[in-house]
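Treat the numbers as computed from the prediction; the structure is a model and nothing was measured. As the structure lists them, so they are numbered: ligands from 1, and atoms in each ligand from 1. Just so it is clear, the values below take in all heavy atoms, side chains as well, and ignore hydrogens, waters and symmetry mates.
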Amino acid sequence: MPDDAVASAVRIENRGDVALILIDNPPVNASSQAVRKGLVTAIEAANKDAAVAAIVIACEGRTFVAGADIREFGKPPLPPALPDVLTIVEASGKPVVAAVHGTALGGGFELALACHARVLDPGAIVGLPEVKLGLIPGAGGTQRLPRLIGVRAAIDLAASGRQVKADEALALGIADSLAAGDLRDSAIALARSLVGRPIRRLSELAPSPFDRAEIDAALAGIAQKSRGQASPLVAARTVLLAAELPFAEGMARERAAFIECLQSDQSKAMRYVFMAEREAPRAPQLEGIAPRKVERVGIIGAGTMGAGIAVAFTDGGFSVIVVETSEAAVEAGRKRIAAPWDRQLKSGRLTASQHEARSASVAVGSDFAALAACDLVVEAAFEDMDVKKDIFARLGAIAKPGAVLATNTSYLDVGIIAQASGRPGDVIGLHFFSPANVMRLVEVVEAPASAKDAVATGVAVAKKLGKIAVVCGVCDGFIGNRILAHWRPIVDMMVEDGAAPQGVDGALEEFGFAMGPYAVGDLAGLDIGWARRKRLAPTLNPNVRYASTIADELCALGRFGQKTGAGWYSYSGGKKALDPLVSGLIDKVRAQKHREQRVFSNDTIQRLVRAAIVNEGAKVLSDGIARRALDIDVVLISGYGYPAWRGGPMFEADALGLGRILADIEEAHAFAGAGYEPAPLIVSLARADRRFADLAPGEAAGGQ
Ligand code: 3H9
């Protein structure tokens, strides 16, 4: 490592008798090797300098150190190791104060904990997000934090990875103070005030006493909530060691556990997901394309989706106009849009003035012509082709030149909708997921005639909303719903052939999905799928097994899921329960269809579902609907609850070996019949011993 790289990453500016150590390692000041080396040099120099009485560590740019450098993981270790660097920081004979702005995460937060006091900018955030990378804090976080805020609170932070805002950090005792004015000035003043007083090193403190039964209950809760992910429980147990072992021994145990996690398949998968989420919006076909400017956004429809989209855009800082068809719908829409902000006001997540500002940024009315002033219009009307064609014909006529016109359809052909507008170059799909103000995924649909800069605008806008954009082509269901529509019937077939819906839910929750498909169906509303099945009924392939009879009969009884108090489960009093009516109905359909009954193990359910997902994923790739396997992984994880610790279906298939997945696909085909034939892409990759990740963007498309 050249000296000038170290010098540019960390420098000292003397402010009177205080040495201000400045870390400057864009974009997020990760603690890369140059930073680690520079910190050691700077701390040693400041300690040797007789003119220096105290030290402040601060960062240039947008944030304090946001963690260890993720790109260094998986490579041979580059000395000095961060824990050793932090030992040197903490051992400083002169008081060291951290001046924290932006996000002090992981190793960055651990650096702040190795300092003798912490001043936070009021907008700062701290946290230990290592578990989200399949890791645990590995630079003293598990041992210093419980000594500062107690074992229970430290377990909560280390096992959840949640971010803590400055106010809470102050209340927990993480921050000594919040900066009232200039952060560095505040930190310098605090550092001066510590001169001549005993230095408070967290490693020398003992954690305060705690209730062991409460901790045991917390550990049990973490194990259950992790759904197969290992690191949260490892993080929690390692924090607990702080109460049982001397600091040095705790540190050694933390290091060993960190390394074990680092080498685990789960961490490799989660680090891939971190990078894939950042790579997804960089669609190769959009390289160098500048998005159009968007300030004012129109939304057509204020139902559940439209209202959620309106909230998302308003929260994202856009000025929003929502158009409905009648005064009654306008009124209902206004209420729907205000509801999440009202809740946030009540819980203190929004101040009264923020609440007022949000409400003032969105206008709900019934004048379609108001959309003429918008730079982007998102249509979220009823999911019906004729309705959408009519809207786009009107929109095409009134929208200003250059405005991007987007449909939020989840299945319909965006190309046909685009043609109806008379200006198909301006039309894209923006497929939000429900609730749109919460879910992070947006599929940006590129129709055949969509202009590249219209698509780039969809991506840029999604980023501004804090969402993950994945660009995809037009087909029935795009990436996510197409894959869902493919694997979902398999579990219905299993239920017809002997599995119980709750058994399937249990198996897939054990696999790591947040909820099983039947519980999800009840939550989302079974009527949506029913309407789609009725729409597609005339085009059904008679050779493909139809396994939705039970669902159809539930819907015919008005059991649409939670919203009607009953679906696959019953929900009297809001509590999910098994319903004998459902098992009776299943028995009836099984008897009518004369299906031979068999037992489905959890393993069989999990393998066949994964095989169906990967198989359709391969077809999505070879049809050019997704250009890269990572797009499919990101969609399945962020939109459909595929466990992130598995890395997504395509990553997992690569990791397990496509030969093994192909065997599962063949088993799924033997079970489910026509429509489940192995994708030619998988067969050819498995034969050539290649992986999805080996494919260059778009290479799979048209290659069959
Ligand atoms: C750790 O600390 C382990 C220790 O306990 C023990 C060690 C021994 N490293 O997200 P963005 C890049 S584990 C390298 O788009 P934002 C990112 O890839 C770590 N690179 O910005 C992207 O690059 P590109 C614990 C990193 O403003 C660019 O920075 N820390 C790292 O939306 C911008 O990122 C974490 O897990 C990194 N650590 O969000 C924090 N972080 O443009 C992870 C970011 O080339 N980071 N990059 O694609 C974050 O949560 C967000 O990046 C942050 C900024 C909130 C900081």
Side-chain angles (χ1 to χ4, degrees), residues 9 23 25-36 39 59 61-75 77-87 89 100-114 123-145 154 157-165 231 234-235 238-239 251-252 254-264 267-268 270-282 316 440 459-460 462-469 630 634 638 644:
I23 300 172
N25 184 29
V28 296
N29 288 316
S31 59
S32 324
Q33 188 187 27
V35 170
R36 299 196 298 275
L39 267 175
C59 289
R62 65 200 228 215
T63 179
F64 195 76
V65 175
D69 187 341
I70 295 170
R71 286 161 306 193
E72 278 184 12
F73 293 154
K75 295 183 188 156
L78 299 167
L82 189 60
D84 300 337
V85 174
L86 301 194
T87 302
V89 171
V100 177
H101 77 292
T103 41
L105 300 175
F109 184 28
E110 291 171 303
L111 167 60
L113 292 171
I125 284 171
V126 300
L128 294 171
E130 285 88 344
V131 288
K132 297 186 175 166
L133 298 168
L135 299 170
I136 68 162
T142 65
Q143 302 304 298
R144 288 195 179 94
L145 189 59
L157 294 201
S160 69
R162 75 181 177 88
Q163 300 195 341
V164 177
K165 290 186 181 158
S231 62
V234 179
T238 313
V239 169
M251 284 297 286
E254 178 196 82
R255 187 75 188 154
F258 173 79
I259 302 275
E260 198 174 314
C261 286
L262 188 64
Q263 290 166 350
S264 70
S267 178
K268 282 177 200 152
M270 294 185 93
R271 282 181 271 139
Y272 156 79
V273 172
F274 179 87
M275 293 301 174
E277 284 182 351
R278 280 153 187 82
E279 191 54 37
R282 297 186 191 124
R440 291 170 68 216
V459 173
K463 188 170 165 74
K464 207 165 165 217
L465 300 184
K467 300 199 181 290
I468 305 171
L630 69 86
V634 170
S638 54

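For ligand 1, the atoms sitting less than 4.0 Å from at least one non-hydrogen atom of F274 are 18 (O), 41 (N), 43 (C), 44 (C), 46 (N), numbered in the order shown with element in parentheses. Atoms of ligand 1 found under 4.0 Å from any heavy atom of E130, numbered from 1 in the order shown, are 1 (C), 2 (O), 3 (C), 4 (C), 5 (O), 13 (S). Below 4.0 Å from some heavy atom of G107 lie the following atoms of ligand 1, by number and element: 1 (C), 2 (O), 4 (C), 5 (O). Atoms of ligand 1 found under 4.0 Å from any heavy atom of L133 (numbered from 1 in listed order, with element): 13 (S), 19 (C), 36 (O).
Here the closest non-hydrogen pair linking G134 and S264 is O-OG, 4.4 Å. When all heavy atoms of S31 and V65 are compared, the pair lying nearest together is N-CG1, 3.9 Å. Pairing each heavy atom of I23 with each of N29, the nearest pair is O-OD1, 3.6 Å.
A donor-acceptor pair under 3.5 Å is formed between the side chain of E110 and the backbone N or O of A139. Panel note: side chain R271, backbone L262; a donor-acceptor pair is recorded below 3.5 Å.
Distance remark: protein heavy atom not present below 4.0 angstrom from atom 23 (O) of ligand 1. Using a 4.0 Å threshold on non-hydrogen atoms, atom 32 (O) of ligand 1 does not count as touching the protein.
In terms of protein heavy-atom proximity, atom 38 (N) of ligand 1 is closest to A68 O, 2.8 Å. Nearest protein heavy-atom neighbour of atom 50 (O) of ligand 1: L105 CD1, 3.9 Å. Scanning the protein heavy atoms around atom 18 (O) of ligand 1, the nearest turns out to be R278 CD, 3.7 Å. Regarding atom 12 (C) of ligand 1, its nearest protein heavy-atom neighbour is P27 CG, 4.2 Å. Of the protein's non-hydrogen atoms, the one nearest atom 53 (C) of ligand 1 is T103 OG1, 4.5 Å. Atom 44 (C) of ligand 1 has as its closest protein heavy atom V28 CG2, 3.6 Å. At the shortest separation from atom 39 (O) of ligand 1 among protein heavy atoms lies R62 NH2, 4.2 Å. Counting protein heavy atoms only, atom 6 (C) of ligand 1 is closest to G138 N, 3.6 Å.
R282 counts as a contact of ligand 1, since one of its heavy atoms falls under 4.0 Å from the ligand. Under a 4.0 angstrom heavy-atom cut-off, D69 registers as being in contact with ligand 1.
The N/O atoms of G106, backbone and side chain alike, include none that comes under 3.5 Å of an N/O atom in ligand 1. Checked by distance only, ligand 1 and E110 come closer than 3.5 Å through their nitrogen or oxygen atoms. Here's the thing with I70: one of its N/O atoms is less than 3.5 angstrom from an N/O atom of ligand 1. Backbone and side-chain nitrogen or oxygen atoms of A66 are examined, and one is located within less than 3.5 angstrom of a nitrogen or oxygen of ligand 1. Close N/O approach between P137 and ligand 1 is not found [any backbone or side-chain N/O within under 3.5 Å].
Counted by atom type alone, R36 and S32 present zero donor-acceptor pairs between their side chains at under 3.5 Å. Side-chain contact check for E254 and T238: no donor-acceptor pair (N or O, by modelled atom type) lies under 3.5 Å.
In this structure, R71 forms no cation-pi arrangement with F73, as its terminal cationic atom is not both closer than 6.0 Å to the ring centre and no more than 45° off the ring axis.
A 4.5 Å side-chain heavy-atom check between R255 and P83 finds at least one atom pair inside the cut-off. With a 4.5 Å cut-off on side-chain heavy atoms, V100 and F109 do not count as touching. Side-chain contact check for V131 versus S160: every heavy-atom pair is 4.5 Å or farther apart.
Within 6.0 Å of atom CD in E260, 12 or fewer heavy atoms from other residues, nucleotides or ligands are found, so the atom counts as exposed in its surroundings.
Of the candidates F64, F258, F73, F109, the one placing a heavy atom closest to atom 8 (C) of ligand 1 is F258.
E72 and K75 are not joined by a salt bridge, as no carboxylate oxygen comes within less than 4.0 angstrom of a charged side-chain nitrogen.
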